[in-house]
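Report on one structure; see the data block that follows.
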Amino acid sequence: MINKVVASAEEACRGIQSGMTIMLGGFGLCGIPENCISELVKLKINNLTCISNNAGVDDFGLGFLLQQRQIKKMVSSYVGENDEFERQMLSGELEVDLIPQGSLAERCRAAGAGIPAFYTPAGYGTEVGEGKEVRIFNGKPHILEEALTADYAIVKAWKGDKTGNLIFKGTARNFNPAMAMAGKITIAEVEELVEPGELDPNQIHVPGIFIQKIFEGDSYEKRIEQRTTRKKD
Amino acid sequence: MINKVVASAEEACRGIQSGMTIMLGGFGLCGIPENCISELVKLKINNLTCISNNAGVDDFGLGFLLQQRQIKKMVSSYVGENDEFERQMLSGELEVDLIPQGSLAERCRAAGAGIPAFYTPAGYGTEVGEGKEVRIFNGKPHILEEALTADYAIVKAWKGDKTGNLIFKGTARNFNPAMAMAGKITIAEVEELVEPGELDPNQIHVPGIFIQKIFEGDSYEKRIEQRTTRKKD
Amino acid sequence: MALDKNGIAKRIAQELQDRWYVNLGIGIPTLVANHIPEEISVDFQSENGILGMGPFPFEGEEDADLINAGKQTITALPGAVYFDSATSFAMIRGQHVQLTVLGAMEVSENGDIANWKIPGKMVKGMGGAMDLVASADNIIVAMMHTNKKGESKLLKQCSLPLTGVGCVKKVVTNLAVLDVTKEGFKLIERAPGVSVEEIKKATEGN
Amino acid sequence: MALDKNGIAKRIAQELQDRWYVNLGIGIPTLVANHIPEEISVDFQSENGILGMGPFPFEGEEDADLINAGKQTITALPGAVYFDSATSFAMIRGQHVQLTVLGAMEVSENGDIANWKIPGKMVKGMGGAMDLVASADNIIVAMMHTNKKGESKLLKQCSLPLTGVGCVKKVVTNLAVLDVTKEGFKLIERAPGVSVEEIKKATEGN
C-alpha cells in the first residue's frame with residue numbers, strides 16, 4: 001500500500017502558494033475542510049482562486065479567507081450568505097465566476113476522469129451559455145462545458161485510511177468526491193484516520209488513488225448554518 | 001418510499017420484446033444477471049441488440065442467447081471466449097460493434113447523466129475514431145463519443161432494498177452501476193432483497209431512483225471463468 | 001380570496017403523481033412536502049445529495065452532516081440514500097427526477113424563467129436552478145402572481161436575465177393555475193373567489 | 001542469451017518507482033507483479049474494478065465475485081478498494097495510474113501500437129487497451145522482439161490496425177530495452193549475451 005499520511009494540516013498545505021487555484025469541498029458549511037482552511041489563513045498567502053460551491057459565512061468556512069482578503073476570485077454556484085463577500089464583490093475587489101451547480105460538479109469530475117469537455121443543457125440561452133458552442137442533440141440545444149482543474153483540491157471526509165481511501169457521512173459528501181478527482185494534488189482531511197484494511201473495500205467512496213496527502217484533523221466545529229427543527233408531539 | 005418490487009424474473013422481463021436494445025451488466029461471467037438471462041431464453045424473443053462488455057461463454061451467460069440465435073447485434077469491448085459467437089460473427093449472422101471498454105462505460109454513464117456527448121482520447125487515430133469528430137484539447141487530439149442508451153438495462157447486485165437501492169460485492173460491480181443509470185427501464189436482480197432502511201444510506205452504490213423493477217433471483221451459479229489459485233506453503 | 005403561500009403549496013401537491021421523484025426548491029416549494037396526498041408515494045430529492053428526505057429533526061437531534069439544499073437540518077426516511085453532487089445532477093440532468101417545483105421572479109408566455117439575477121443588485125448565484133430547469137420534463141413554478149409593486153410576474157417576455165428557456169410547463173400563483181402552451185398562458189383554474197378579470201389584469205403575458 | 005518471458009517481466013519491474021499505481025495487461029505484463037523490488041510500494045489496478053490487487057487465492061478460497069481483467073480469480077490486499085467500470089476508466093483516462101504495461105503485436109518507431117486486430121481473423125476486441133494507451137503518460141510494451149515467423153515486431157510503421165498513436169515510450173523484449181524517441185527506437189540495454197547486430201537485424205524500425 002502506498003502511504004499518504006502527513007502529520008498535520010501544516011504539512012499537508014506546504015506547497016500551496018499565493019496565486020494558485022484551490023478547490024475546496026463542501027456544500028454550505030457541511031463537509032468543508034475546516035483544518036486546512038485555518039491553515040491557509042495562517043499561511044497568509046493571497047491572490048487565490050477558490051473553486052467551491054459556496055463561499056462560507058462571515059465568520060466560518062471560506063469567510064475566514066475573505067476577511068483576510070486572501071481570495072482574488074471565487075468560482076461558485078451560490079454565494080448568498082456572506083456580507084463581507086457581498087461588500088468585496090460589489091466594490092470590485094473580488095472577481096466572481098458563477099457556474100450552475102450541476103455543471104460545476106460535472107466539470108470537476110470530468111477533469112479527474114480525463115474528459116476535457118462535454119455537452120450539457122444547463123445554461124443554454126442564458127448568460128452562462130454566452131460565447132460557448134451550442135449543439136443540438138435529440139432535438140435539444142446543449143452547450144459545451146470544459147473540465148475544471150486546480151493546483152490543489154482540499155476535501156474533508158468522515159473516515160480515511162492511510163492509503164487515502166475515503167468514506168463520507170450523510171450529505172457531507174457533496175462536492176468532495178468530484179473535487180478529490182480533479183486536483184493536480186489532492187489533500188484529504190478526515191475525522192478519523194485508520195489503518196489500511198480497516199475500511200470495507202466495498203464501501204469506499206473515494207479510492208485512495210485520487211489522494212496525495214491525508215491527515216486526521218485536530219478539531220471539527222461542524223457548524224450548522226440553518227438549524228431547523230420540529231417539536232415532539 | 002416508492003416500491004419497485006416484482007415477484008420474479010418473469011414479471012420483471014415482461015415488456016421486453018424482439019428487436020429491442022438491452023444492456024446487461026457484468027464483466028466476463030462476474031456480476032451478470034443470470035436469472036433474467038434465463039428468462040430471456042424462455043421468452044424466445046429475438047433480433048436483440050445486446051450491449052454488454054463481454055458475450056459470455058458457450059454454455060453460460062449471454063452464450064445461452066447466442067445458442068438460440070436470439071441476438072442480432074452485440075455491442076461489446078471484448079468477445080474472445082465463445083466459439084458459437086466466433087462462428088456467428090465470421091459467418092456474418094451476427095453484427096458486432098466493438099467499443100473501447102472505458103468509452104463503453106462512460107457512454108452508459110453519460111446517457112444516465114443527461115450528457116449527450118463527451119470528448120475522449122481513447123480510439124483517436126484508430127478504426128474506432130473513423131468518422132468521428134476530432135478536437136484538440138490541451139494539445140492532445142480527442143474524439144467525440146455519444147451517450148449510449150437502451151430500451152432495458154438489466155443489472156445484478158448483491159443486496160437491494162424494495163425501493164431499488166443496490167449494493168455490489170467485490171469486482172461484480174463493474175458495468176452494473178453505469179448501465180443501471182442508462183436504461184429507459186432498468187431491472188435489478190439481487191441475491192438478497194431487504195426492507196427499506198436495512199441498508200446503510202451511506203453505503204449504497206446505486207440509488208433506487210435509477211431502478212424501475214427489482215426482484216430476488218431464485219438461484220445463482222456464479223460460475224468462475226478462470227480459476228487461478230496458488231498452493232499453501 | 002387569493003391563496004396564501006401554504007395554499008399555493010397545497011394546490012401544487014395535487015399535481016404530484018404516485019411513484020414520482022420530486023425536487024422542491026427553496027421557499028413556497030418546500031411547503032409542498034407538507035401536503036402530499038396520503039394515497040400516493042413520492043420521494044424527495046435534494047440536490048446537495050439525498051433521496052428520501054424526511055421532515056426537520058426533533059430539537060436536539062440535528063446533525064451537521066445532514067442538510068438539504070437550503071442548508072437546513074433535515075432527517076432521512078427509511079430507504080434514503082446519500083450521494084455526491086455529480087451523481088445528484090446526473091439524476092437531474094438524466095431526467096430521473098419526474099418533477100421540479102421552484103420559485104421565480106418572472107415567467108414568460110413561452111415558458112422562459114428568470115429567478116437568479118437582478119442587474120445592479122447583489123447576485124447570489126443560480127445554485128442548481130439552471131440545471132434543474134434545463135433538464136426536467138416537468139417544471140411547476142410556485143410564486144405570487146405579482147411583485148411587491150403590484151407588477152405582473154407573468155410576462156410576454158422576461159425582463160431579467162434568464163435561468164432557462166422555454167422550460168416552464170405550469171405556474172401556480174396566489175390567483176390562479178396556468179399552463180404554458182404554444183399559445184401562451186392558459187387559465188386552468190382560479191383561486192376561490194378570484195375573477196377572470198382580476199387574473200387577466202394581473203397577467204401581462206397572453 | 002535472450003530473456004524468457006519471466007526475464008522480460010523482471011526487467012520491466014526495475015522500471016517501477018515507489019508510490020506508483022500500475023496497470024498490468026494480460027500475458028507477460030501480469031508476471032511483472034512477481035518481481036517488484038522489496039524497497040518500493042506500488043499498487044496494482046485492474047480495470048474491471050479493483051485497486052490493491054493481491055496474488056491468486058489459495059485453493060478452495062476462490063471468490064467468483066473477485067476477479068481481475070483477465071477473468072482470473074484474485075485476492076485483495078489490505079487497503080484495497082472496489083469500484084465500477086466508469087470510475088475505473090476515470091482513473092486511467094485521468095492519468096491517475098502512473099504506468100501501464102501491456103503486450104503488443106507491433107510497435108512502430110514513432111510509438112504507434114497495434115495489439116487488437118488481425119484483418120481476416122477472429123477479432124476479439126480491444127477491451128480496455130485503447131483507453132489505456134491513449135491515456136497513460138507512461139507506457140511500456142512487453143513482447144518478444146520477433147513474431148513466430150521470425151519477423152520484426154518493431155517496425156517503421158505498423159501494418160496492423162492501430163490501438164493507439166504515438167503513445168509507447170519504452171519497449172522491453174527478449175533481446176533488448178529500447179526507448180521510443182523522436183529519432184525512433186533508441187537501444188538502451190541489451191539482454192545478456194545479445195549483440196547489437198542481433199538486435200539491429202531483428203528490428204525493422206530505426
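Note that these values count all heavy atoms, side chains included, but never hydrogens, waters or copies made by symmetry. Sequence lines set the chain letters: A, B, ... in the order given, protein chains first and strands last, and positions in each chain run from 1.
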Flag the one option from Gly114(A), Pro201(A), Ala111(A) with the top tally of heavy-atom pairs under 4.5 Å to chain D. Pro201(A)
Could Lys159(A) and Phe168(A) be counted as a cation-pi pair, given that NZ or CZ must be under 6.0 Å from the ring centre and within 45° of the axis? no
Under 3.5 Å, is there a donor-acceptor pair between the side chain of His142(A) and the main chain of Lys140(A)? yes
Please check if the number of heavy atoms outside Lys169(D) that lie under 6.0 Å from its NZ is greater than 12. yes
Using non-hydrogen atoms and a 4.5 Å limit, figure out which bit of Ile209(A) sits close to chain D: side chain, backbone, both or neither. both
Check this for me, if you would: do Lys153(D) and Glu106(D) make a salt bridge, where the nitrogen-to-carboxylate-oxygen distance has to be below 4.0 angstrom? no
Residue from Arg109(A), Met181(A), Lys4(A), Glu198(A) scoring the most non-hydrogen pairs under 4.5 Å with chain D is Lys4(A)
Identify which of Leu199(A), Asn3(A), Asp161(A) forms the greatest number of heavy-atom pairs closer than 4.5 Å to chain D. Asn3(A)
Examine whether an atom of Asn202(A) lies under 4.5 Å from a heavy atom of chain D, and if so say whether it belongs to the side chain, the backbone or both; otherwise answer neither. both
Is it the side chain or the backbone of Lys162(A) that comes within 4.5 Å of chain D heavy atoms, both, or neither? neither
Do we see a donor-acceptor contact under 3.5 Å between the side chains of Ser135(D) and Gln95(D)? no
Can you tell me if Ser76(A) uses its side chain to pair, donor with acceptor, with the backbone of Val79(A) under 3.5 Å? no
For chain D, find which of Asn165(A), Thr163(A), Ile115(A) contributes the most heavy-atom pairs closer than 4.5 angstrom. Asn165(A)
